[in-house]
*Asks:* 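Attaching a single structure in structure tokens format; questions to follow.
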Amino acid sequence: MKVQVADAKAIGEWVRRVRKAQQLDQTTAGAFANCGITFVSQFENGKPTVHLEKALQMLDALGIQVYLDIPDEISSHDD
């Protein structure tokens with residue numbers, strides 16, 4: 001399922017939903033992602049200043065894939 005999100009709060013809400021659907025508590029999910037419970041709580045609550053790398057680790061640990069939808073007019077050869 002693909003969902004569009006516009007802010008950190010929406011991402012956090014989806015992370016919480018997925019974690020709960022997988023019957024994981026915050027401690028266990030954090031352990032899978034190599035993150036502490038404080039980070040998991042802040043991420044799920046939409047704190048906009050969480051570390052991107054840790055956020056990506058958390059998403060990966062829950063099986064949530066992240067994609068960038070690049071505008072068609074941008075060539076993959078432009079650097």
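Residue numbers start at 1 and run along the sequence shown.
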*Asks:* Could you measure the distance from the NE2 atom of His51 to the CZ atom of Phe43? Nearest 0.5 Å is fine.
*Replies:*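 So the gap between those two atoms works out to 12.5 Å.
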*Asks:* Is Thr38 close to Ser41 at the side-chain level, that is, under 4.5 Å between some pair of heavy atoms?
*Replies:*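 Side chain of Ser41 against side chain of Thr38, heavy atoms only: no contact under 4.5 Å found.
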*Asks:* Of all the heavy-atom pairs spanning Ala8 and Pro48, show the shortest one and how long it is.
*Replies:*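 That closest heavy-atom pairing would be CB-CA, 3.9 Å.
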*Asks:* Applying side-chain contact (heavy atoms from CB on, under 4.5 Å) to Leu59 and Gln57, what does each step give before you reach the verdict?
*Replies:* CA-CA 5 Å; Leu59 294 167; Gln57 287 174 336; over 6 Å; no
*Asks:* Say you draw a straight line from CZ of Phe39 to NZ of Lys47; how long is it, rounded to the nearest 0.5 Å?
*Replies:*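 Going from CZ on Phe39 over to NZ on Lys47, the span is 9.5 Å.
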*Asks:* Got a second to check how far Ile11's CD1 is from Arg16's CZ, nearest 0.5 Å?
*Replies:*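 It is 13.5 Å, given to the nearest 0.5 Å.
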*Asks:* Does any non-hydrogen side-chain atom of Lys54 lie less than 4.5 Å from one of Val50?
*Replies:*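 No; the side chains remain at least 4.5 Å from each other.
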*Asks:* Rounded to the nearest 0.5 Å, how far apart are CZ of Arg19 and CG of Leu62?
*Replies:*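 Rounded to the nearest 0.5 Å, the CZ-CG separation comes to 8.5 Å.
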*Asks:* At what distance, to the nearest 0.5 angstrom, does OG1 of Thr28 lie from CG of Asp25?
*Replies:*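 Between atom OG1 of Thr28 and atom CG of Asp25 there are 3.5 Å.
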*Asks:* Quick one: pull up CD in Gln4 and CG in Asp69 and give me the separation to the nearest 0.5 Å.
*Replies:*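 These two atoms lie 8.5 Å from each other.
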*Asks:* Please check if Val3 and Leu56 belong to a single hydrophobic cluster, counting links between Ile, Leu, Val, Met, Phe, Trp and Tyr side chain heavy atoms closer than 4.5 Å.
*Replies:*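 Yes, Val3 connects to Leu56 through the hydrophobic network.
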*Asks:* So do Val5 and Trp14 actually touch side chain to side chain, heavy atoms under 4.5 Å?
*Replies:*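 Trp14 reaches Val5 side chain to side chain.
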*Asks:* What about Leu24 and Ile37, same hydrophobic cluster or not, with Ile/Leu/Val/Met/Phe/Trp/Tyr joined at side-chain heavy-atom distances under 4.5 Å?
*Replies:*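 No: no chain of side-chain contacts under 4.5 Å links Leu24 to Ile37.
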*Asks:* When hydrophobic residues are tied together by side-chain contacts of less than 4.5 Å, even through go-betweens, does Ile64 share a cluster with Met1?
*Replies:*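 Result: yes, single cluster for both.
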*Asks:* Compare every heavy atom of Ala29 with every heavy atom of Met58, then report the nearest pair and how far apart it is.
*Replies:*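 Closest approach of Met58 to Ala29: CE-CB, 3.5 Å.
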*Asks:* Are Val40 and Leu52 grouped together when hydrophobic residues (ILVMFWY) are joined by side-chain heavy atoms under 4.5 angstrom apart?
*Replies:*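 Same cluster: Val40 reaches Leu52 through Ile, Leu, Val, Met, Phe, Trp or Tyr contacts under 4.5 Å.
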*Asks:* Looking at Glu44 and Val15, what are the two nearest heavy atoms and their distance?
*Replies:*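 Closest pair (atom of Glu44, atom of Val15, distance): CG-CG1, 4.0 Å.
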